[in-house]
Enquirer: 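Next up is a structure, given as structure tokens.
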Amino acid sequence: MTVLETDVAPGAEPVRDAPPRGRQVWRRLRADRPALAGLATVVLMVAVALAAPLLCAIEGQDPTTFHSDLLDSARGGVPHGSFGGVSADHWLGVEPATGRDVFARVVHGARVSLGVALGATVLELLVGIAVGLGAGFGGRRADAVLSRLIELSLAFPSFLLALALMAIVPQSMPRPLLLACVITAVSWGNVARVTRSQALSLRGRDYVDAARLSGARPSRIAVREVLPGLTAPLLVLAALKVPLNMVSEAGLSFLGAGVRPPTPSWGQMLSTATTWFRADPTYVIVPGGLLFLTLLACTVLAEGVRRAMDPRWGGRS
């Protein structure tokens with residue numbers, strides 16, 4: 001919107017309003033090459049995960065079929081050929097001992113690893129925001145109770161709790177959904193702590209006082225007045241949560257508490273590959289390299305989002 005001539009002091013040139021926040025953030029991100037590279041990598045990984053059935057159809061393989069004829073039984077089941085049996089029919093080779101196509105398992109495993117990480121991040125935001133806003137606007141007693149609950153969540157050994165929850169939850173529950181819920185149960189405390197801290201800092205702002213004086217309920221003030229002001233820190237925290245949740249899923253699958261065979265995930269493939277890293281290093285490098293690349297891209301993107309949303313950012317906008 002352009003300022004009218006009548007709104008400008010005599011002799012002064014009209015001043016245009018600053019661009020909307022979203023456009024400003026996007027301009028800053030476009031000027032940050034590492035963040036753009038991270039964004040492109042994340043988008044590519046998500047696209048590969050979504051297109052897994054199509055990519056497997058193009059290759060002509062699936063993630064569950066055994067190819068025992070491609071294995072060298074004299075060497076304990078190591079694939080024939082170089083680089084784990086890479087060929088025109090098997091683009092990344094085959095698994096040792098089973099002969100299943102590695103490319104098909106990797107792209108289908110991306111669906112599990114990324115799906116669990118993104119699903120857990122969304123659930124953590126929902127739970128953390130609800131608890132954090134309840135602590136910030138629920139009065140002294142609610143703040144005391146919810147703050148102790150947040151501290152307990154942060155203090156408890158999360159990985160041990162995750163393993164315990166995986167053991168007691170009914171096995172009939174879909175495993176990826178179970179993983180997302182378990183990761184949420186042990187990791188929502190950080191989101192709640194950030195939300196509560198920001199809510200307490202915004203609670204004394206003039207527009208919040210005006211809404212309170214107008215008779216608005218605390219829940220309405222929290223959602224309509226305070227929550228929009230939490231967008232920047234929560235968006236950055238969510239971008240950081242995705243790689244952390246991928247590591248959690250990989251760790252649980254590595255320990256055998258994740259998805260069950262024949263459903264693949266990158267963590268499960270790494271767990272299987274530990275016994276083959278000398279005989280067939282390709283089988284370790286492929287899922288491990290993809291997991292590392294995705295985590296690095298998410299971390300770089302999160303740092304770029306943090307810089308782009310920083311009001312003290314000194315670059316061009």
Side-chain angles (χ1 to χ4, degrees), residues 1-4 6-9 14-29 35 118-155 184-242 244-245 301-315 317:
M1 182 180 68
T2 304
V3 178
L4 298 177
T6 54
D7 296 330
V8 182
V15 180
R16 293 185 177 183
D17 292 339
R21 186 63 177 172
R23 289 175 54 193
Q24 189 176 30
V25 170
W26 174 238
R27 288 181 181 179
R28 293 177 176 181
L29 275 177
L118 293 173
T121 301
V122 172
L123 291 176
E124 287 176 46
L125 288 175
L126 293 176
V127 175
I129 290 173
V131 175
L133 289 178
F137 283 86
R140 289 187 177 182
R141 291 185 178 179
D143 187 22
V145 172
L146 293 177
S147 294
R148 301 295 83 76
L149 184 62
I150 294 172
E151 292 171 0
L152 179 62
S153 171
L154 295 173
T184 299
V186 300
S187 304
W188 60 269
N190 286 323
V191 179
R193 181 175 61 177
V194 171
T195 303
R196 174 184 176 275
S197 175
Q198 294 293 321
L200 290 176
S201 67
L202 296 176
R203 192 168 62 178
R205 298 292 178 89
D206 292 341
Y207 61 88
V208 176
D209 290 337
R212 187 181 295 110
L213 292 173
S214 67
R217 293 177 299 176
S219 58
R220 180 180 177 84
I221 296 174
V223 174
R224 297 291 299 273
E225 306 295 340
V226 175
L227 188 57
L230 304 178
T231 302
L234 290 178
L235 186 59
V236 174
L237 185 60
L240 289 171
K241 277 288 185 181
V242 173
L244 292 176
N245 290 338
L301 175 60
E303 179 63 20
V305 172
R306 185 195 64 79
R307 288 194 299 266
M309 289 189 160
D310 190 346
R312 298 168 297 179
W313 191 81
S317 60

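Keep in mind the model is a prediction, meaning the values are calculated, not measured.
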Enquirer: Please check: side-chain N/O of Thr231 versus main-chain N/O of Pro228, any donor-acceptor pairing under 3.5 Å?
Expert: yes

Enquirer: Any side-chain heavy-atom pair from Leu301 and Val242 closer than 4.5 angstrom?
Expert: no

Enquirer: Where the side chain of Ser197 meets the backbone of Val194, is there a donor-acceptor pair that is under 3.5 Å apart?
Expert: no

Enquirer: Within the structure provided, determine whether Leu227 and Leu230 are in side-chain contact (heavy-atom separation under 4.5 Å).
Expert: yes

Enquirer: Would you give the length of the straight line joining atom CG of Leu240 to atom CD of Glu303, rounded to the nearest 0.5 angstrom?
Expert: 8.0 Å

Enquirer: Which atoms form the tightest heavy-atom contact between Arg203 and Asp209, and what is the distance?
Expert: O-OD1, 4.0 Å

Enquirer: When rounded to the nearest 0.5 angstrom, what is the spacing between CG in Leu123 and CG in Leu118?
Expert: 11.0 Å

Enquirer: Do the charged groups of Arg140 and Asp143 touch, with an N to O distance under 4.0 Å?
Expert: no

Enquirer: As an exercise, state the distance from CZ of Arg196 to OG of Ser201, rounded to the nearest 0.5 Å.
Expert: 11.0 Å

Enquirer: When you compare the side chain of Arg212 with that of Glu225, does any pair of heavy atoms fall below 4.5 Å?
Expert: no

Enquirer: Kindly indicate whether the side chain of Ile221, heavy atoms from C-beta on, has any atom under 4.5 Å from the side chain of Val208.
Expert: yes

Enquirer: Search all heavy atoms of Ala120 against all heavy atoms of Thr184 and return the closest pair with its distance.
Expert: O-OG1, 3.4 Å

Enquirer: Report the distance from atom CD1 of Ile150 to atom OG1 of Thr195, rounding to the nearest 0.5 Å.
Expert: 8.0 Å

Enquirer: Within the 4.5 Å heavy-atom criterion, are Arg27 and Gln24 side-chain neighbours or not?
Expert: no

Enquirer: What distance do Thr121 atom OG1 and Leu244 atom CG have between them, rounded to the nearest 0.5 Å?
Expert: 8.5 Å

Enquirer: Please indicate whether Arg224 has more than 12 foreign heavy atoms, meaning atoms of other residues, nucleotides or ligands, lying under 6.0 Å from its CZ.
Expert: no

Enquirer: Do Lys241 side-chain atoms and Ser187 backbone N/O form a donor-acceptor pair below 3.5 Å?
Expert: yes

Enquirer: Do the side chains of Val127 and Val191 get nearer than 4.5 Å, heavy atoms only?
Expert: no

Enquirer: Heavy atoms only: give me the nearest Leu146-Val131 pair and the separation to one decimal.
Expert: CD1-O, 3.7 Å

Enquirer: Could you tell me which non-hydrogen atom of Ala302 sits nearest to which non-hydrogen atom of Ala239, and how far apart they are?
Expert: CB-CB, 3.5 Å

Enquirer: Would you say the side chain of Leu234 lies within less than 4.5 Å of the side chain of Gln198, judging by non-hydrogen atoms?
Expert: no

Enquirer: If I compare all heavy atoms of Gly136 with all of Ala199, which pair ends up nearest, and what's the gap?
Expert: CA-CB, 4.4 Å

